[in-house]
Participant: 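One structure coming up, written as structure tokens, with questions to follow.
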Amino acid sequence: MYNKTLIVTLVAVIVLSVQLTTATVPTADSFGVEDSSGYRGTHVLIPVNITNSQNDTIQCIMFNISYDNSVITVVGAHKGTLTPDWGNFDYNNLTWGTRVCIATGGDPLPNGSNGSVVVLNISIIGEPGEATNMNLSDIQLSDETGTYVGTAPAKNGTFSVIAPTPTCVFDTDAGTYPSSSGIHTGTITLKHTIDVAKLYTYPCAGTGGHTEYVRFYGPDLDVTKTWNGYIGDYHSIIFVPSFTLQANTTYNYEISTGSYPQIIHEQSLPTANGTINCTLFTDANGKTYTDWIPAIRLEGASASGSLEVTPDRIEILFDEPYGSSYTEQIRITNHGKNSTSVCITSSDNKVTPGSTHFELAPGDSRYVAINARSDTQEGEYYIYVTADGKTVRITVTVAYIAKLSVSPSSTIIFGTVGSDVCSVQKTITIREDLGYEAVNFYVEQRSGNGWVIPSRNTGTVSKNNPVDITFTLTPGPRDYTRRDNNYTWNFAITGSNANSVTITLGACINETVNACKLDDEKLELKFDKPKGTVPGYNENIVLETGAKVLRVQ
């Protein structure tokens with residue numbers, strides 16, 4: 001009996017000890033992302049949220065997020081609403097997804113925190129209808145001392161690629177290279193009647209491909225429209241009022257393009273909603289073709305009815321010094337037959353429209369500025385445009401840009417350095433010029449030998465906390481196969497969320513030789529043979545470097 005009681009008591013003590021240790025490990029009710037969606041070719045910001053942190057404050061957070069790289073990819077990561085002052089931050093893209101680490105040397109996350117700790121900038125590369133899971137794993141929450149590392153239940157999400165939903169559409173889909181601006185003529189025949197409100201031109205990646213002039217003409221129709229310039233959704237031409245292309249009727253088109261639009265390299269292209277043919281294309285150099293069809297999309301009135309707002313997503317990049325003003329534009333068009341009263345509101349007082357109330361006559365368009373204050377946090381904001389009892393939501397994405405610079409110069413000249421010099425040093429200062437976020441930087445040698453070493457290879461720099469790096473040159477033996485003594489070294493300073501700066505260093509390395517200094521201060525030749533018995537006497541002297549031997553006779 002005694003032994004059994006003793007065993008039970010020991011077990012109870014062990015269990016109690018485990019409970020006390022576990023109670024001090026940081027945790028939370030959940031950690032992860034919500035379901036999200038977006039259009040192909042755009043970016044979406046996805047916050048990673050923590051819910052009701054507890055048991056201890058949190059000073060370091062690490063996690064993995066896996067996803068299908070053919071659908072989305074992380075192209076940037078930024079601090080969240082709960083971590084704006086955390087200074088140590090980095091992310092790495094891997095084959096399965098992204099690994100993120102963020103930590104602070106200052107104020108930790110208190111108990112009861114709710115909100116985003118990191119915001120992921122997602123580039124959407126999948127096709128409409130595709131989706132991917134966004135699964136969180138290896139979640140690590142460290143307390144203020146770093147003694148205990150806890151975790152939290154993962155909240156996983158799904159990302160879906162959605163397609164634009166105009167009420168009626170004729171779409172060639174995207175084209176390919178080669179591309180050129182020029183004049184297209186041809187015919188188009190539709191299977192269904194379309195009330196055309198917009199013509200969209202597919203641009204080649206990284207270009208401003210667009211339509212500068214368009215004409216549709218045929219039975220009882222002759223409509224022309226001219227491009228409005230690089231303003232707002234400049235890849236599109238808006239028709240005010242809209243016009244009708246009747247089903248099973250052949251119309252002629254003339255489309256004059258600028259920059260590099262995508263091209264369908266076919267003489268005829270059948271689609272689900274009709275067929276478009278190429279009669280003649282004359283490129284900017286005067287060459288002609290009969291198999292170049294412009295990649296375009298014809299859209300009807302938007303789902304909101306007579307009111308059309310373009311684009312429905314805008315991105316405001318904070319790429320000027322803190323305190324600058326930022327503005328993008330949206331275009332509001334009234335396709336209806338009557339005047340309408342337009343009301344514009346915002347989800348936040350830091351992202352606001354330039355106009356909030358105005359009348360829009362039938363067939364008229366108006367550009368409205370969307371302004372963002374420089375103290376706006378990164379993330380998504382919403383502008384609501386309401387007319388005739390219907391509302392269109394515009395998504396405004398605010399993203400921070402960081403800019404690295406070095407002083408006094410990105411070119412450092414050590415000058416002429418003797419090979420017997422132990423070392424020489426030059427110091428530069430790295431700065432972040434815009435002031436929106438800190439940058440974790442890396443110093444990497446891109447060319448040159450191993451004679452130059454930086455004082456550090458990594459660090460964190462912010463607007464008010466520049467970092468000095470000293471480059472030390474320690475010359476090695478001269479390379480006698482070289483034609484000159486001029487050496488150069490290139491180093492790149494890069495950041496995960498900033499530009500790259502290249503540092504070029506140069507030096508002339510001279511071999512140190514005291515050509516007149518001998519091993520002995522005096523040289524003695526002894527005539528110790530009978531005169532005439534030897535042809536002459538000689539003795540060797542050696543230069544200090546040992547590079548040459550001279551014979552004195």
Side-chain angles (χ1 to χ4, degrees), residues 25-51 53 58-80 82-83 86 88-104 109 115-142 146 149-163 205 378-380 397 399-400 402 437 439-442 444 457-458 460 492 494-498 500:
V25 173
T27 185
D29 287 351
S30 66
F31 185 94
V33 298
E34 301 288 341
D35 291 344
S36 187
S37 61
Y39 301 110
R40 173 183 168 86
T42 65
H43 288 196
V44 173
L45 295 181
I46 297 180
V48 180
N49 298 312
I50 191 169
T51 304
S53 62
I58 298 173
Q59 194 172 22
C60 179
I61 299 171
M62 292 189 290
F63 64 92
N64 297 334
I65 180 168
S66 61
Y67 49 84
D68 186 339
N69 280 288
S70 68
V71 179
I72 61 174
T73 187
V74 172
V75 295
H78 315 285
K79 289 175 284 189
L82 298 177
T83 57
W86 286 30
N88 301 310
F89 178 50
D90 199 7
Y91 76 95
N92 289 298
N93 283 340
L94 302 165
T95 56
W96 46 261
T98 302
R99 176 70 171 167
V100 179
C101 176
I102 183 169
T104 178
L109 215 63
S116 64
V117 296
V118 171
V119 179
L120 302 176
N121 188 351
I122 301 293
S123 175
I124 307 171
I125 55 180
E127 297 293 336
E130 292 184 333
T132 177
N133 294 325
M134 299 181 292
N135 294 331
L136 281 290
S137 63
D138 196 18
I139 301 166
Q140 299 181 38
L141 311 175
S142 172
V149 178
T151 188
K155 180 174 176 55
N156 301 319
T158 300
F159 191 94
S160 304
V161 184
I162 57 177
E378 284 188 302
E380 287 191 349
T397 302
Y400 288 168
E437 60 184 351
V439 178
N440 295 321
F441 67 83
Y442 309 86
E444 178 185 3
N457 294 102
T458 62
T460 300
T494 59
S496 58
N497 54 339
S500 176

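No experiment lies behind these values; they were computed from the predicted model shown.
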Participant: If the condition is side chain to side chain contact (heavy atoms under 4.5 Å, CB included), which residues does Thr460 pass it with, not counting sequence neighbours?
Facilitator: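 For Thr460 the side chain to side chain contact (heavy atoms under 4.5 Å, CB included) partners, ignoring immediate neighbours, are Asn88, Ala438, Asn440.
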Participant: After noting the C-alpha distance and the side-chain angles of Met62 and Val149, does the key distance pass the side chain to side chain contact (heavy atoms under 4.5 Å, CB included) rule?
Facilitator: CA-CA 10 Å; Met62 292 189 290; Val149 178; over 6 Å; no
Participant: Atom CG in Asp138, atom CZ in Arg99: separation rounded to 0.5 Å?
Facilitator: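 With rounding to 0.5 Å, CG (Asp138) is 4.5 Å from CZ (Arg99).
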Participant: Could you tell me which non-hydrogen atom of Leu109 sits nearest to which non-hydrogen atom of Ile50, and how far apart they are?
Facilitator: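 Taking every non-hydrogen atom into account, CD2-CG2, 4.2 Å.
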Participant: For Asn156 and Val33: C-alpha separation, side-chain torsions, deciding distance, then whether side chain to side chain contact (heavy atoms under 4.5 Å, CB included) applies.
Facilitator: CA-CA 6 Å; Asn156 301 319; Val33 298; 5.9 Å; no
Participant: What are the two closest non-hydrogen atoms of Thr27 and Ala152, and how far apart are they?
Facilitator: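 Residues Thr27 and Ala152, closest heavy atoms: OG1-CA, 4.0 Å.
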Participant: Show the nearest heavy-atom pair for residues Trp86 and Leu82, with the distance to one decimal.
Facilitator: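 Scanning both residues completely, I find the closest heavy atoms to be NE1-O, 4.3 Å.
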Participant: With no hydrogens and no angle check, is any side-chain donor or acceptor of Thr494 less than 3.5 Å from a backbone partner on Ser500?
Facilitator: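 Looks like no, no N/O pair under 3.5 Å.
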Participant: Rounded to the nearest 0.5 Å, what separation is found between the SG atom of Cys101 and the CG atom of Asn92?
Facilitator: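 Going from SG on Cys101 over to CG on Asn92, the span is 9.5 Å.
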Participant: State whether the side chain of Thr151 and the backbone N or O of Ile139 hold a donor-acceptor pair below 3.5 Å, judged by distance alone.
Facilitator: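 Such a contact is found between Thr151 side chain and Ile139 backbone.
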Participant: So, taking the atom named OG in Ser137 and the one named CZ in Phe63, what distance separates them when rounded to the nearest 0.5 Å?
Facilitator: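 Here the interatomic distance stands at 10.0 Å.
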Participant: Of all the heavy-atom pairs spanning Ala131 and Thr158, show the shortest one and how long it is.
Facilitator: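 Smallest interatomic distance, heavy atoms only, reads CB-CG2, 4.3 Å.
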Participant: Would you say the side chain of Ile46 lies within less than 4.5 Å of the side chain of Phe159, judging by non-hydrogen atoms?
Facilitator: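 Phe159 reaches Ile46 side chain to side chain.
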Participant: Between Ile122 and Val74, does a side chain to side chain contact (heavy atoms under 4.5 Å, CB included) hold up when you go through it step by step?
Facilitator: CA-CA 5 Å; Ile122 301 293; Val74 172; 3.6 Å; yes
Participant: Might you work through the side chain to side chain contact (heavy atoms under 4.5 Å, CB included) test for Leu120 and Met134, ending with a clear yes or no?
Facilitator: CA-CA 12 Å; Leu120 302 176; Met134 299 181 292; over 6 Å; no
Participant: Who passes side chain to side chain donor-acceptor pair (under 3.5 Å) against Asp68, sequence neighbours left out?
Facilitator: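 With sequence neighbours excluded, Asp68 shows a side chain to side chain donor-acceptor pair (under 3.5 Å) to Ser70, given in chain and number order.
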Participant: Can you tell me how far OG of Ser36 sits from CD1 of Ile124, rounded to the nearest 0.5 angstrom?
Facilitator: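 Result: 7.0 Å between the selected atoms.
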Participant: Heavy atoms, side chains only, cut-off 4.5 Å: are Phe31 and Ile61 in contact?
Facilitator: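 Yes, side chains in contact.
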Participant: My understanding is that only residues two or more places apart in sequence, or in another chain, count here; which of them pass side chain to side chain donor-acceptor pair (under 3.5 Å) with Thr98?
Facilitator: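 If we apply the side chain to side chain donor-acceptor pair (under 3.5 Å) test to Thr98, skipping adjacent residues, the hits are Tyr67, Asn93.
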Participant: Tell me if a side-chain donor or acceptor on Glu378 pairs with a main-chain N or O of Ala399 at a distance below 3.5 Å.
Facilitator: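 Looks like no, no N/O pair under 3.5 Å.
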Participant: Less than 4.5 Å apart, side chain to side chain, heavy atoms only: is that true for Val71 and Val161?
Facilitator: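 Side-chain contact under 4.5 Å: yes.
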Participant: Can you see which heavy atom on Ser123 is nearest to which on Val75, and at what distance?
Facilitator: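 Nearest pair, atom of Ser123 first, then Val75: CB-CG1, 3.7 Å.
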Participant: Side chains of Asn64 and Leu94, heavy atoms from C-beta outward: is any pair under 4.5 Å?
Facilitator: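 Asn64 does not reach Leu94 side chain to side chain.
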Participant: Looking at Ala28 and Ser53, what are the two nearest heavy atoms and their distance?
Facilitator: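 What the structure gives for the nearest pair is CB-CA, 3.8 Å.
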